[in-house]
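In what follows, a single structure is set out as structure tokens and then discussed.
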Number of protein chains: 2
Amino acid sequence: MRLTTKARYGLRALCHVAHRGYASAQVIAEHQAIPSRYLEEIIGELRRAGFVIGKRGPRGGYRLAKPPGEIVISDVLRALSTAASTNSTGEPQDEITALVERSVDDRLQAAVGNLKLDQLLGEARERHRRSAANYVI
Amino acid sequence: MRLTTKARYGLRALCHVAHRGYASAQVIAEHQAIPSRYLEEIIGELRRAGFVIGKRGPRGGYRLAKPPGEIVISDVLRALSTAASTNSTGEPQDEITALVERSVDDRLQAAVGNLKLDQLLGEARERHRRSAANYVI
DNA sequence: GGTAACCCCAGGGGAAAACCGGTATTAGCC
DNA sequence: GGCTAATACCGGTTTTCCCCTGGGGTTACC
């Protein structure tokens, strides 16, 4: 499937915020080894999509806009898919293309649609506990 | 999800061949509005992957290498995915990314893995009959 | 009022995708 | 046997998209 790095950064940022409860872009960037300027852009999209809430000024930062159990991963991925998704390219879109893409899309949606942020956190923590290695999340 | 244009061209070419039984790259390109040179390259990959058989010389062209019921769409898509898939980029690949990608990949495979070319053709013909509009396939 | 954060806008660089040209090779047909 | 229509192969070019950066504006804590 191959996610874009933007999607990966966004997911990691979300997990970080979920884990800490509250964090500034600067801290997230350092801790997750993400270019801070780029991260701001990404978090901006997450904010406009309604996943996090930003707070300005000193001691500012981000927190989740809703509990992790209500944040659907596929929604996050879609929000970070450089707009223009769902084929708004104005192309004629012939029948076969439409069929295949719809088929793939629907099934993917049905399959991954129920994966939520809290499940991701749970699995990640579980793995981390077992490996007992360096601190990742 | 958004397929690459290469994947779309390839699927359309396959459907065209399946529908006609036998066709030259030139004819397919004109009929499907695909850049002919690019199409040759794509069909070349489909041939090397064992989906079609090419015949040279005058009256040459392509035909399916096996019945449409045995051509799995996900195999076709994988064959047209510019190699290097399944993440052979050597990237460190953090935990969360791995979790999401594996999850998406597995579920997608399970969901689309059983979709075959004949089903696609059937759906396309059905739609075409209902719309009764311009000739596309 | 100073400063630490978020927030918006506008690009640049590089890599991959999409596309094209020339030539070799095969095979039908006169 | 030569002509010609097609596949097969190689390399190069253009275009598009993704990742990343910079400068400045805005809010709010102290």
Side-chain angles (χ1 to χ4, degrees), chain A residues 2-13 17 20 22-30 32-63 65 77 79-85 87-91 97, chain B residues 2-13 17 20 22-30 32-63 65 77 79-85 87-91 97:
Chain A
R2 197 72 198 133
L3 301 177
T4 64
T5 62
K6 179 193 247 180
R8 278 178 282 154
Y9 288 168
L11 284 174
R12 277 158 61 184
V17 170
R20 300 302 177 99
Y22 191 74
S24 72
Q26 191 72 20
V27 168
I28 301 174
E30 278 178 23
Q32 296 283 340
I34 299 173
S36 61
R37 243 44 182 80
Y38 193 30
L39 180 62
E40 283 184 32
E41 175 185 328
I42 295 171
I43 292 191
E45 294 181 29
L46 292 178
R47 184 182 54 81
R48 280 184 289 274
F51 295 112
V52 296
I53 293 178
K55 185 185 171 193
R56 297 190 174 187
R59 314 269 309 165
Y62 296 93
R63 63 180 178 82
L77 295 180
L80 295 178
S81 289
T82 32
S85 83
N87 187 44
S88 50
T89 54
E91 240 172 278
T97 303
Chain B
R2 197 75 194 133
L3 301 177
T4 63
T5 63
K6 181 193 247 180
R8 276 178 283 154
Y9 287 168
L11 284 174
R12 277 158 62 185
V17 170
R20 300 303 177 98
Y22 191 74
S24 73
Q26 191 73 21
V27 168
I28 300 174
E30 277 179 24
Q32 297 283 340
I34 299 174
S36 61
R37 244 42 183 89
Y38 193 30
L39 179 63
E40 284 182 31
E41 177 183 327
I42 295 171
I43 291 190
E45 295 181 29
L46 291 178
R47 184 183 52 81
R48 281 185 288 273
F51 296 112
V52 297
I53 293 177
K55 186 185 172 193
R56 297 187 176 189
R59 314 269 307 167
Y62 297 93
R63 64 180 177 84
L77 294 180
L80 295 177
S81 289
T82 31
S85 83
N87 186 44
S88 51
T89 55
E91 241 173 278
T97 302

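Both backbone and side-chain heavy atoms feed into the values below; hydrogens, waters and symmetry mates do not. Every chain is numbered from 1 and lettered A, B, ... according to where its sequence line falls, protein lines coming before strand lines. Since this is a predicted model, take the numbers as computed values, not measurements.
Expressed to the nearest 0.5 Å, how far CZ of Arg12(B) lies from CD1 of Ile28(B) amounts to 11.5 Å. Taken to the nearest 0.5 Å, the NZ atom of Lys55(A) stands 4.5 Å off from the OH atom of Tyr22(A).
Heavy-atom distances under 4.0 Å link DNA chain C to no residue of residues 22-29 of chain B. Of the residues in residues 42-52 of chain B, Arg47(B), Arg48(B) come within less than 4.0 Å of DNA chain D through at least one heavy atom, sorted by number.
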Residues 35-49 of chain B side chain polar contacts: donor-acceptor under 3.5 Å, at least two apart:
{"unit_1": "Arg37(B)", "atom_1": "NH1", "unit_2": "Glu40(B)", "atom_2": "OE1", "d": "3.4"}
{"unit_1": "Glu45(B)", "atom_1": "OE2", "unit_2": "Lys6(B)", "atom_2": "NZ", "d": "3.1"}

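With contacts defined as side-chain heavy-atom distances shorter than 4.5 Å, the pair Leu77(B)/Leu11(B) qualifies. No side-chain heavy atom of Val52(A) sits under 4.5 Å from any side-chain heavy atom of Arg63(A).
Among residues two or more places apart in sequence or in another chain, the side chain to side chain contact (heavy atoms under 4.5 Å, CB included) test is passed with Arg56(A) by none.
You can see that DNA chain C meets the heavy atoms of chain B within a 4.0 Å-exclusive cut from dA17(C) to dG28(C), reading 5' to 3'.
Shown here for Tyr62(A) and Ala25(A), the closest heavy-atom pair between the two residues is CE1-CB, 4.1 Å.
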(request) Can you check each nucleotide of nucleotides 20-30 of chain D against protein heavy atoms at under 4.0 Å and return B for base, S for sugar-phosphate only, - for none, in 5' to 3' order? (result) BBBBB-BBBB-
